Colleague: 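Next up is a structure, given as structure tokens.
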Amino acid sequence: MKLTHCRSLILAVLLLAIPVLATAQSVDDITPIPAEVKKARRGHVTIDGDAQIVFDKQFANQAAYLKEMLVGQTGLKLKSQESSQTISKAPHNIRLLYDAKAIDRDEMYTLVVAGKDVTIRAKDTGGMVYGIQTLLQLFPLKPVQEVKVPDVEIRDYPRFAYRGMHLDVVRHMFPLDFIKKYIDYLAFHKMNTFHWHLTDDQGWRIEIESYPKLNSIGSWRDSTLIGHFKAAPARYDTTRYGGFYTKDEVREVIRYAAMRGINIIPEIDIPGHSRATIAAYSELSTRPDSTWSVATTWGMYNRHNNVLQPNPATFKFLKTVFQEVAELFPSEYFHLGGDETSKLWWKADPVSQKFIKDHNLKDEKGLQTYFVEQVAGYLAEKGKKVIGWHEILEGDLSTSTLIMNWGGEKEGIAAAKRGHQVIMSPGRPLYFDHYQSKDPNDSLAIHGYNPLDAVYNFEPVPDTLRKLNLDHYIIGAQGNLWTEYIGSTAKVEYMVFPRMTALSEVLWSPREKRDFADFKRRLKTAIIPRYTFWKAHYFPNYEQWTAEKEALK
Ligand code: ACM
């Protein structure tokens, strides 16, 4: 047989292997559950290779995104054209329309499948991306030549304005491609914020031009703890570990995220969690004559976790570095950490004590507030507002500061009562680095127990605030992933799935629509197949390990 004949035979066999027609996924499986769905009794729109994407110019990027996602998911290659150009002659269209009249809320979309076309309307990038996510959930996860999308009318919008996931890239760092994948996971879940934890005691992970030793020294540690930090004796490997994302790489991630409606909030953690900083520039430490190294262990606090000294070099450093990073990120908000700043160093340091006295500060807590206010001022010059962990409220702060609460309800309530907007991110149950089972053979994690049902049943708005009509101060919630015990991308996925899917429904769907039994049904029919399609790892034993079962014991 001639080679060309052989090729066409292979092609014919391949084509036969592609199912010609596939029914769409069920509207009942859409996750997170949409706010309003009106199903039609019959009717559908056929999307095949002749269908066309027609988009208003505001959504050119999202049209490209939809095109790419459809090819990846179904093999369907659709043409696309801007709506103001010639009228589409395609038998069926997927129309991406800008409509500020019909769409009366931020991040809202409508998806209407009727007549000849599928139409998504939105008035912002987020809304369009979420409409596209919903549409993609109506397509099968396999190569097809044609899909009959069932007639439906969906009107959908988020319950909370802030829907975030955090990732610590310090304790372990992940390749740029995985950061993008993580952003894809967020977009699928209709989340809108990626909190990128870029600096800590164990390393600096972002390129800084003005202070190059942050990268040449601060980005590298000589070894890494093996096993749990409480294990005795502690064991370490002997591998130099580290690296950092270059500014070009960061820009690439920002662009990638923007196309998917995701805002990136960078975190530079000060004035504690600064061992990598002072390893590079010891003059910023309360013990400038000590030799500091980038930390190699976890669970550090107090005696190990040295803090920045309030001196002219430190404030010059903070202004320069925060402004350099602020110029890179378009986000309105910038996270300055502020957690777990041990006061014992300032107490023991004559320079810090003199500073407290000279500046009429009440005590070390007042000094912490002073640091936060200084940095807030540097960031304000770049048009940015500040987020910090809830400990920054140990002193009085301007209410324009957003509080990320990793404590319990109590801290969230206190912050709201003081007039701060709050993002709830309590260790229980939103730290996804905590165990999701009590199986002694489960992969090493942090001591807590945050199984799937605890995440799904989490209510971001405390009753106390609702009763006081202060519920509007809770603007959303976030799942956190600290990576001390998460050394691979596979483990990241194992820890976040399916808990991130549960959180997405808490954040997106109307409270009264939440139903754990139905959520578990959808996990099986639609979401786990999606993880599998992504080739992502996940924790499979979520039915066996629940908070409810523990409570009954
Ligand atoms: C934190 O867990 N220290 C924010």
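Values in this document were obtained by computation on a predicted structure and should not be read as measured data. Remember, it's 1-based here, ligands and their atoms both numbered in the order they're listed.
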Colleague: Does some side-chain heavy atom of Leu186 sit less than 4.5 Å from a side-chain heavy atom of Met500?
Modeller: yes
Colleague: Output, in order, the C-alpha distance, side-chain angles, deciding distance and verdict of side chain to side chain contact (heavy atoms under 4.5 Å, CB included) for Tyr281 and Leu214.
Modeller: CA-CA 8 Å; Tyr281 297 97; Leu214 288 174; 4.0 Å; yes
Colleague: Report all protein residues having a heavy-atom distance below 4.0 Å to some atom of ligand 1; order the list by chain, then number.
Modeller: Asp339, Glu340, Trp389, Trp406, Tyr431, Trp482
Colleague: If you measure only the distance, is there a donor-acceptor pair under 3.5 Å linking the side chains of Tyr130 and Asn192?
Modeller: no
Colleague: Among residues at least two apart in sequence or on other chains, which ones pass ring pair (Phe, Tyr, Trp, His ring centres under 6.0 Å) with Tyr245?
Modeller: Trp196
Colleague: Listed by chain and number, what are the side chain to side chain donor-acceptor pair (under 3.5 Å) partners of Lys491, not counting sequence neighbours?
Modeller: Ser443
Colleague: Considering only residues two or more places apart or on different chains, which pairs with a residue in residues 410-420 satisfy side-chain hydrogen bond (donor to acceptor under 3.5 Å, both in side chains)?
Modeller: Asp396-Arg418
